[in-house]
Amino acid sequence: MDEESINRILTEIETQSPISSFSLKNLQTLLDFTLRTNDSANLESFYTEISSRNISLSSFTTSLSSVMDSGGPARNNHLSLLASNVYLSLLLSPNSPVFTLFTPMAFLSLLRSIRWAFKNPSLGSSEGSGGEIRGRKKRGGGRIRAGKNRGKQVVDEGENEGESEGGDFDVRVFSVLERLELVLGLVHLDRFPESLRSLVQTVAEIPVVAGEVCRNSGSYGKLCELCSRILNEVLKVEHGDQAVSAAEVLKCLSPLMFLPKSQSRSFSLEFVVNRLSRLAKHSSAVKKAVVNLPKYLVHKAPEKAEPKALAVESIMEIVKVWDFDDQVGFVDYVVKMSQGKGQFRLLAVDLILVLMTTLRDPLGLDLGDKVENLWGLTCLETLIQRCSDVTAGIRARALTNLAQLVGFLSGNDRSRTLLKGVMGYGKGGSSRMQGGMNDLLQKRCMDEKAAVRKAALFLISKLTALLGSALDGHLLKTVGMACSDPLVSIRKAAISALSEAFRLFSDENVTREWLHSVPPLITDNESSIQEECESLFSELVLDRVSKALSDTTSHQHSVMDNSSGKTMDFDREMELLCPEGVLCVLKATCDGEVTPWVKKICTILGKKKRLKPKIATSLQNIIRTSESLWLRHSMPIEKWTAPPGAWLLLSEVSAFLPKEVDWEFLHHHWQLVDNYKPDDELRSPRDERDGDEELDIESNSVAWAGDRVFLLQTISNVSVTLPPEPAADLAHNFLKRLEEFDMHSTEVNAHVKALRTLCKRKALNPEEADSLVIKWVQQLLSQASHVLDMYISKDSRENNENTFRTPHNSRSRHGKSATPSMTKLLLQAITAVYTIGSLVIICPSADVKAIVTTLHTIITSGTSDTKSKIKISLGPAFSVKEAAPSLYIQAWLTMGKICLSDGKLAKRYIPLFVQELEKSDCAALRNNIVVMMADFCVRHTALVDCYMSKLTKCLRDPCELVRRQTFILLARLLQRDYVKWRGVLFLRFLLSLVDESEKIRQLADFLFGNILKVKAPLLAYNSFVEAIFVLNDCNAHTGRSNPQNPKSDNYLFCIRGNDEHSRSRRMHVYITLLKQMAPEHLLATFAKVCAEILAAASDGMLNLEDATGQSVLQDAFQILCSKEIRIPSSRASSSDSAEMEEDGGEGGGSAAVAKGRAITQAVKKGLIQNTVPIFIELKRLLESKNSPLIGSLMECLRVLLKDYKNEIDEILVADKQLQKELIYDMQKYETMKAKSTAAESVANRQRSETYQSPSDPKIARSGPSKLDHLHSNSKVASAMAGAVAASRARAVLRQVNQGASTPPLSAMSVPKLKSCTDAVTHGEKSSDLIESLRRKHSFDSDEEN
């Protein structure tokens, strides 16, 4: 530097003006030369010149500080960085007066200039033009040269100063940071704690701000490396207490660990895990700070899901490099966290999962059996406890994490055994203790929150593989019920869990539950569930059956029992030939509730061409093998039936795989079932046989008839491939069998349909096919009519003969004395009537006028009108209803089928059907009429609409089957809009929610919870108040008097009574309706109940002297204080957020919170304007009448105001005295209730102790647990303590007196009282004294009473 430059710099310092850019560059050149050559001659001359002009170094430092402070967010910062570089170079120069030059203020200015270098990247050049910036991005940055000054590196910017290496910020910042690191080796900041804190904050901030502006990964990595070296330098002992320095560094770096998708997060973790952990091995102070860092992160973790997950991940990155003892210590801390506040419990649940999956050997498998109290087992127990947490989100997270742990730890046998032990499972896979894991899972599968239910199902699917056996029966049923959950995600989770169990185990219970739960979902509204149902059925049923006996050549020899050497029994041998529970699956498909869904799925798969030919081949092989094994065991072929379900499944798949079914196979089995008939095929149902023999014959007959029906259907399906001659022979055979009228009713339809199919497929054209069908239909109808006429005439003649016998033989009507010919004729008549109905269905155009007359005669023969009875010219009438009930029922059924195809006939006979439905005492007939009326409603809607109120009476039928059938059919009609939800229909459906049958209750819950909630969301809200009156049989809302007739319609559809059972049933109905309402509808319902019931009672419109009126009012109180109608501030947001979790959205969170706040404000406004005045008026009325309902009112008011204690002043602002009275009454009521509860509990405890030994340890353990819930209430606990103390005092007094009673006053030695006046006698004084004592009042008398 020449003398002119030095003079210019000194002049600027003397005049206290900012040092110019030119002067700073010259000074920087001098300092760079000095640092590079270690020649300080020129620099010393500079210092000498400063001293000669009496300029202090502090003034020089102040000038540099002013230049360093000249930058800013909206300014050019290159001059500031240049001054910072000069300042640091001065400190590093040889023989520099460091202690004079370094000041805290100058150091803060230096740090400020570094921050500004990253906050204004657009002004990185001296002129600030965008063109120059872009040019410098292309040219590159400065060069780094090695110097020998103290063995460090310095930057020589030379002519390229200010050029941007990273393309986004000034390159001078690299030189500043490198020289700052070197300065920290000279200047110890232990005397300047604020400077140290500012330095750490600035360096920790650089990776964050640089990450936003730097697009060059190399430049960013270089910055992070410089920052790490600076922070590492700060942690040296020279800069103060290492514990304090480390704590400050970690405190500044911890926010970076919560930043998502940020390079700065990687920088902070890398520094802590690598640099700081290595340093901690040599410094106990640093180690203490590092060990406390995860605890600090726990308390600083954000509540949002993504940052919280990053916090957990960061904690684990730090913990996994620790020593084992430190890791165990942190595990203990996490376990204690699980008992803390909600946010800590949730974080503990997440930490337990990553601790168990990240740290080595959590269950101590490598340590053998010597170690007890392993930390992994403690974590598992803690996680299981959190599955019952009070917060739904924690419950769901705990279940999900436990499921992941189960999958993670099921890798080997030892960990599986330990896991089973912790979860309370025995060797068989069943929960060993009541209240164990199975009970927990059942409760969680029925949890009110969707996320919890979904997590529980996920855990069940994981437990299936762990247990190695089928799940508990009750748990399976619970999972099956979850397949009908309203939410799609829950249904999918339940399907997955149940299918996993079915895939792994072929247990009968699993198979039955799967087939009852999954196939019905083929009709689900969600298309993805339908597709999944199809895929699972194809995989778990059809593919499993296809693998069985696919190759018959390997099964030519019988299977021998290895233990005995003898041939095994038939069933056992078939099970071995058909593994994987194939026979069990086939048998389960025959269930009446499963068969319709199996048929539907097979039809869908067939239309989509997803049925494999192998399935038809395997089913034929199963039937062939069963027959051959039966003959091999030397059993009569007439008693053989195919494996249950085999013909059913073959009949369904053959419709789409006709070429895969062998005609010789079908012909052989048709001859087999056609030649061998059960012995009881034409036996009268009144014949008496041995019980076991009858049961065996009946079951075999049903199986035989079912096989023949499905065989006929299979033949119909493959008839298109039959040769002409066999087809004609079959048709002739079918017609011949139908003309005999000796088949089971189940076979009639199959024969009729098969015959029609053969005619249509073998005819040359449709006209020829129709003419053939009409021809044989008319032929069969004529013969059936002839059979009916024969039976009626013959039975009438026998009845005529019996009337002249003395005495009249009451047993002659088809009992033991009935002739075999008459019995056979009756069975033929029944089959003929049923055949007529089947023929009318397939050929509606057939002429049935003559048959209608005969059927009319039969169905009206049971009426009291003698004109309608069957008459013979020579004898009296007889009743077919009494003589032949089966024929009577079949006649009604056939008449219904005829009416379906003839509207004019239906108009005449529908009133008869309704009349018979009301009068008949036969459940089978009522059930059939209900089915027919449902069909009429579809075909002749206008004719049936006026009879819906009478049809709904079957919902209260004494027979469960009739009730269930009515419910299902009406619900189906309502869904298809053939029937409308109007009038009393909805109110009558409510009783199904509390039906005696569990199946009906489940159907009702599904109807109200799933279908109506979507199809008619306002129905529950509009009919809620009316339902309260109807269920209590109270007509106050209609103005009519209450009828007391037990046979009236209203009486049938009410739940009268004020007993606990009746109230609980009504409350179940109310709660079900409330759960279907939206929050705004709940608020409106709250207002309607107050206005139409409470206000009506206070105005005298509701008679409180009537029992039904009292029940209505008490129900209203229970409804208003139920949790389902209450809307606390968190309800709306929590429920909505639960639904949003299903969709995975975050945008609706704020809207849900705003909606919850709006609803809360509306509730408060409603309480202010409506509720409290009504309650106050009603309270006065009930007190004046001394009504027992005052307790219910006070309890309701207490519950309502419990969440709004701070708002009581606002609610009762107009009347302070009333406010005090209300608060006093509520406190008094709570005290009285607490005392009564305490007294009852103490009395029950004393009674139990009277009959039980106090030394029994079981009693000692179980006693306190029964009263734990009472001690949770402070008032009850206080009252109990007082009651127990009083009881003990009385016991002590009895013990002191040794059972002796207190002696009378006359026997005691007491001082005598003398009269004050002579006018008053002794007796008068005594009576006055006693009277005065009697008038004394106890201050607690009101509360004690």
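Counting non-hydrogen atoms of other residues, nucleotides and ligands closer than 6.0 Å to NE2 of His667 gives a total of 12 or fewer.
With a 4.5 Å cut-off on side-chain heavy atoms, Cys533 and Ile601 count as touching. Between Val479 and Trp514, every side-chain heavy-atom pair lies at or beyond the 4.5 Å cut-off. At least one side-chain heavy atom of Arg503 sits under 4.5 Å from a side-chain heavy atom of Glu539.
With sequence neighbours excluded, the residues forming a ring-ring contact (aromatic ring centres under 6.0 Å, His included) with Tyr909 are His856, listed by chain and number.
Looking at Val852, Leu788, Leu780 one by one, the single match for side-chain contact (heavy atoms from CB on, under 4.5 Å) with Ile836 turns out to be Leu788. The side-chain contact (heavy atoms from CB on, under 4.5 Å) test with Val930 is passed by exactly one of Leu970, Ile968, Thr966: Thr966.
Between the side chains of Glu652 and Gln713, at least one donor-acceptor pair of N or O atoms lies under 3.5 Å. There is a side-chain donor-acceptor pair under 3.5 Å between Ser838 and Asn749. Ser626 and Trp640 share a donor-acceptor pair across their side chains, judged by distance under 3.5 Å alone. Side chains of Ser528 and Lys492: a donor-acceptor N/O pair is present below 3.5 angstrom, by distance only. There is a side-chain donor-acceptor pair under 3.5 Å between Gln779 and Glu739. Between the side chains of Glu664 and His668, no donor N or O sits under 3.5 Å from an acceptor N or O.
Taking the six-membered ring where the residue is Trp, the centroids of Phe710 and Trp647 are separated by 6.0 Å or more. Centroid-to-centroid, the aromatic rings of Phe537 and Trp597 stay 6.0 Å apart or farther.
In this structure, CH2 on Trp630 lies 4.0 Å from CE on Met635, to the nearest 0.5 angstrom. Expressed to the nearest 0.5 Å, how far CD of Gln828 lies from OG1 of Thr823 amounts to 11.5 Å.
Of all heavy-atom pairs spanning Thr831 and Thr835, the tightest one is O-OG1, 2.6 Å. Val545 approaches Ser618 most closely through the heavy-atom pair O-CB, 3.4 Å. The heavy-atom pair separating Cys843 from Ile774 by the smallest distance is SG-CG1, 3.9 Å.
A cation-pi arrangement, defined by a distance under 6.0 Å to the six-membered ring centre and an angle within 45 degrees of its axis, is absent between Lys753 and Phe734. In this structure, Arg972 fails the cation-pi test against Phe967, since its NZ or CZ atom is not both closer than 6.0 Å to the six-membered ring centre and inside 45 degrees of the ring normal.
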> Where do Lys600 and Glu534 land on the salt bridge (Lys or Arg N to Asp or Glu O under 4.0 Å) test, with the steps shown first?
Replying inline: CA-CA 10 Å; Lys600 188 173 184 64; Glu534 296 170 14; over 6 Å; no
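A donor-acceptor contact shorter than 3.5 Å is absent between the side chain of Ser785 and the backbone of Leu781.
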